[in-house]
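These notes are about the structure you will find just below.
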Amino acid sequence: MDIYFSVFKTIIFLVVIIYLINITLKLLNRYSNQRNTTFRILQKISVSKTSALGIVQIIDKYYVMSFSEQQNQIIKELTAEESARFLRSIAVSPTKKTDFAVVLKEMVTKLQADRKRK
């Protein structure tokens, strides 16, 4: 009977420790994440396990960027019209991921058209 009581105490103790660790991590995350208004990732879509594409706002300009383990790279700066259209699309339906796909597809076709001109 004493063994069961010891096992029960150990399990309760482990649950309490895990709960306290969880609360501590949430508090640390709240204070360590500094709110940065000059740099925001508006949308991000994974391309593979280690890379992603995203639309990023840096001050008042919007960029399509590539994120990977090796490097982060600006692919294209969005024009005022493209950024306004993107902002309207996320304001209308912030949960739809297809809007980002549409904007990204347009950017890729425009990039390809620009490369063919050169």
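Fair warning: this is a prediction, and the values are worked out from it, not measured in the lab.
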Yes or no on side chain to side chain contact (heavy atoms under 4.5 Å, CB included) for Tyr63 and Gln57, after CA distance, side-chain angles and deciding distance?
CA-CA 6 Å; Tyr63 301 95; Gln57 176 189 8; over 6 Å; no
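- For the side chain to side chain contact (heavy atoms under 4.5 Å, CB included) criterion with Leu25, the lone passing option out of Leu27, Ile23, Ile21 is Ile21.
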One pair to check against side chain to side chain contact (heavy atoms under 4.5 Å, CB included): Tyr19 and Thr24. What are the steps and the verdict?
CA-CA 9 Å; Tyr19 180 73; Thr24 305; over 6 Å; no
Starting from the C-alpha separation in whole Å, work towards a yes-or-no answer on side chain to side chain contact (heavy atoms under 4.5 Å, CB included) for Leu78 and Met107.
CA-CA 8 Å; Leu78 298 178; Met107 294 303 116; 3.1 Å; yes
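- In this structure, Ser68 and Ser51 approach most closely via the heavy-atom pair CB-CB, 4.0 Å.
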One pair to check against side chain to side chain contact (heavy atoms under 4.5 Å, CB included): Met65 and Asn72. What are the steps and the verdict?
CA-CA 7 Å; Met65 288 186 69; Asn72 297 327; 4.2 Å; yes
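- Note on Phe39: it clusters hydrophobically with Ile59, by side-chain heavy-atom contacts below 4.5 Å among ILVMFWY residues.
- Other residues, nucleotides and ligands place no more than 12 heavy atoms under 6.0 Å from the CD1 atom of Ile3.
- To the nearest 0.5 Å, atom CG of residue Leu87 and atom CG of residue Leu42 are 6.5 Å apart.
- Proximity of Thr10 to Phe5: side-chain heavy atoms (C-beta onward) are nowhere separated by under 4.5 Å.
- Salt-bridge annotation for Glu82 and Lys76: present, with a side-chain N of the basic residue lying under 4.0 Å from a carboxylate O of the acidic one.
- Here Glu106 does not pair with Lys110 in a salt bridge; the nearest charged N to carboxylate O distance is not below 4.0 Å.
- Annotation: Asn22, atom CG; neighbour count of heavy atoms from other residues, nucleotides and ligands within 6.0 Å is above 12.
- Put simply, CD1 on Ile17 and CD1 on Ile12 are 12.5 Å apart, with the number rounded to the nearest 0.5 Å.
- One distance of note links CG of Leu53 with OG of Ser48; it measures 9.5 Å at 0.5 Å rounding.
- Closest of all the heavy-atom pairs between Ser83 and Tyr62 is CB-CD1, 3.4 Å.
- Sparse packing is recorded around CD of Glu81, with 12 or fewer heavy atoms of other residues, nucleotides or ligands lying under 6.0 Å away.
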